[in-house]
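The shown structure was predicted, so the numbers you read here are calculated from the model rather than taken from an experiment. Hydrogens, waters and symmetry mates play no part in the numbers below; they use all other heavy atoms, side chains included.
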Amino acid sequence: MRITRLILFLLPAALAQATVVSISTTSLPNGTVGQHYSVAVKAINGCTPYRWWISGTLPSGLVASPSPSTTYDLVHGTPAMVGSSTFSVTVKGCGGHISSRWYTVSIAPAQTAHSVSLKWQPSATAVSYDLYRSTLSGGPYGLVASAILGTSFVDQAVTAGETYFYVATAWDGTKESGFSNQVIAVVP
């Protein structure tokens, strides 16, 4: 008789432990301004449906939405501002048990594409221009673009932190002129 009571007494405790919900996602990745962000904060154990909520502030541009099955809370959106946000995600299982976890997500600035805009004075006899570039003052120069019909060009094939040296030539329809004066462009 005592054994029966002992088994009945232990059985509810074992069931209670099996229904304790917990958040299994230990950390969230950082993001970048303007780039889509999506990560699931997952819960395990306990019984569904789960109820989710956020305490603190998500990074600007992000929201949290529970999945249709409620087994995870999706943090998603497009980050709008650089900065760091600390917030907690809390889940409550149908049995009333609660689990929370704190996260910090940092949002980095958008990677900017670099370019160099060049303009030059027109030549009275030119029908087109060629543009040359070097990473060494005085050359040797490599052809960047040819048969440019106007007197400007945007070089988008540049690298951040590099210094470039440009020269142009004019074509009169049959022959190419010598190099123009060199101009220097420092890409931030």
Side-chain angles (χ1 to χ4, degrees), residues 25-42 52 54-68 72-89 101-188:
T25 305
T26 58
S27 65
L28 300 182
N30 293 324
T32 302
V33 169
Q35 292 183 4
H36 183 70
Y37 183 93
S38 182
V39 64
V41 177
K42 298 177 183 174
W52 295 91
I54 302 289
S55 298
T57 305
L58 291 170
S60 176
L62 299 185
V63 296
S65 308
S67 67
Y72 62 88
D73 201 20
L74 187 65
V75 177
H76 61 100
T78 303
M81 291 178 20
V82 172
S84 184
S85 295
T86 300
F87 54 93
S88 74
V89 177
R101 191 175 292 263
W102 285 92
Y103 301 100
T104 298
V105 174
S106 294
I107 304 300
Q111 305 254 336
T112 57
H114 294 283
S115 63
V116 173
S117 294
L118 300 154
K119 290 185 179 206
W120 53 91
Q121 293 297 317
S123 168
T125 59
V127 293
S128 68
Y129 301 91
D130 286 357
L131 184 67
Y132 296 84
R133 179 181 73 196
S134 178
T135 55
L136 301 171
S137 180
Y141 301 103
L143 184 65
V144 173
S146 61
I148 302 168
L149 299 178
T151 57
S152 65
F153 183 82
V154 177
D155 185 1
Q156 295 180 335
V158 296
T159 304
E162 189 69 66
T163 300
Y164 294 99
F165 303 89
Y166 290 92
V167 292
T169 60
W171 281 88
D172 66 4
T174 56
K175 56 185 173 183
E176 185 176 21
S177 72
F179 289 139
S180 66
N181 291 334
Q182 175 179 274
V183 294
I184 301 169
V186 178
V187 180

Q) When the ring centroid of Tyr166 is compared with that of Tyr132, is the distance short of 6.0 Å? A) no
Find out whether [X] and [Y] are in side-chain contact, i.e. whether some heavy atom of one side chain is under 4.5 Å from a heavy atom of the other.
| X | Y | result |
| --- | --- | --- |
| Val89 | Thr25 | no |
| Val116 | Val187 | yes |
| Glu162 | Thr135 | yes |

Q. Could you go step by step and tell me if Arg101 and Thr26 meet the side-chain contact (heavy atoms from CB on, under 4.5 Å) rule?
A. CA-CA 8 Å; Arg101 191 175 292 263; Thr26 58; 4.1 Å; yes
Q: Applying side chain to side chain contact (heavy atoms under 4.5 Å, CB included) between Leu74 and each of Ser67, Ser38, Pro66, report the one that passes.
A: Ser38
Ignoring hydrogens and geometry, is there a side-chain-to-backbone donor-acceptor pair from [X] to [Y] under 3.5 Å?
| X | Y | value |
| --- | --- | --- |
| Ser177 | Ala170 | yes |
| Ser134 | Leu136 | yes |
| Ser106 | Asn30 | no |

Give, for atom [atom1] of [X] and atom [atom2] of [Y], the distance between the pair rounded to the nearest 0.5 Å.
| X | Y | atom1 | atom2 | result |
| --- | --- | --- | --- | --- |
| Ser60 | Ile107 | OG | CD1 | 9.0 Å |
| Tyr164 | Ser137 | OH | OG | 15.5 Å |
| Glu176 | Thr169 | CD | OG1 | 3.5 Å |

Minimum-distance pair of heavy atoms, taken over all atoms of [X] and [Y]:
| X | Y | result |
| --- | --- | --- |
| Arg133 | Val158 | NH1-CG1, 3.9 Å |
| Thr32 | Pro79 | O-CG, 3.7 Å |
| Leu62 | Leu58 | O-CD1, 3.8 Å |
| Ile148 | Leu131 | CD1-CB, 3.9 Å |
| Val39 | Pro29 | CG2-CD, 3.9 Å |
| Gln182 | Val167 | CA-CG1, 3.8 Å |

Q: Only one of Phe179, Trp120, Trp171 passes ring pair (Phe, Tyr, Trp, His ring centres under 6.0 Å) with Tyr129; say which it is.
A: Trp120
Indicate whether any N or O donor in one side chain lies under 3.5 Å from an N or O acceptor in the other, for [X] and [Y].
| X | Y | answer |
| --- | --- | --- |
| Gln156 | Ser115 | no |
| His114 | Thr159 | no |
| Asp172 | Thr174 | yes |
| Thr104 | Thr86 | yes |

Q: Please assess Val183 against Leu118 for the test side-chain contact (heavy atoms from CB on, under 4.5 Å), listing each intermediate value before the final yes or no.
A: CA-CA 9 Å; Val183 294; Leu118 300 154; 4.1 Å; yes
Q: Hey, can you tell me if Phe87 and Tyr103 have their rings parallel, tilted or perpendicular (30° and 60° cut-offs)?
A: tilted
Q | Check against side-chain contact (heavy atoms from CB on, under 4.5 Å), Tyr72 and Val41 | A | CA-CA 5 Å; Tyr72 62 88; Val41 177; 5.9 Å; no
**Q.** side-chain contact (heavy atoms from CB on, under 4.5 Å) between Lys119 and Thr151, worked out
**A.** CA-CA 6 Å; Lys119 290 185 179 206; Thr151 57; 5.9 Å; no
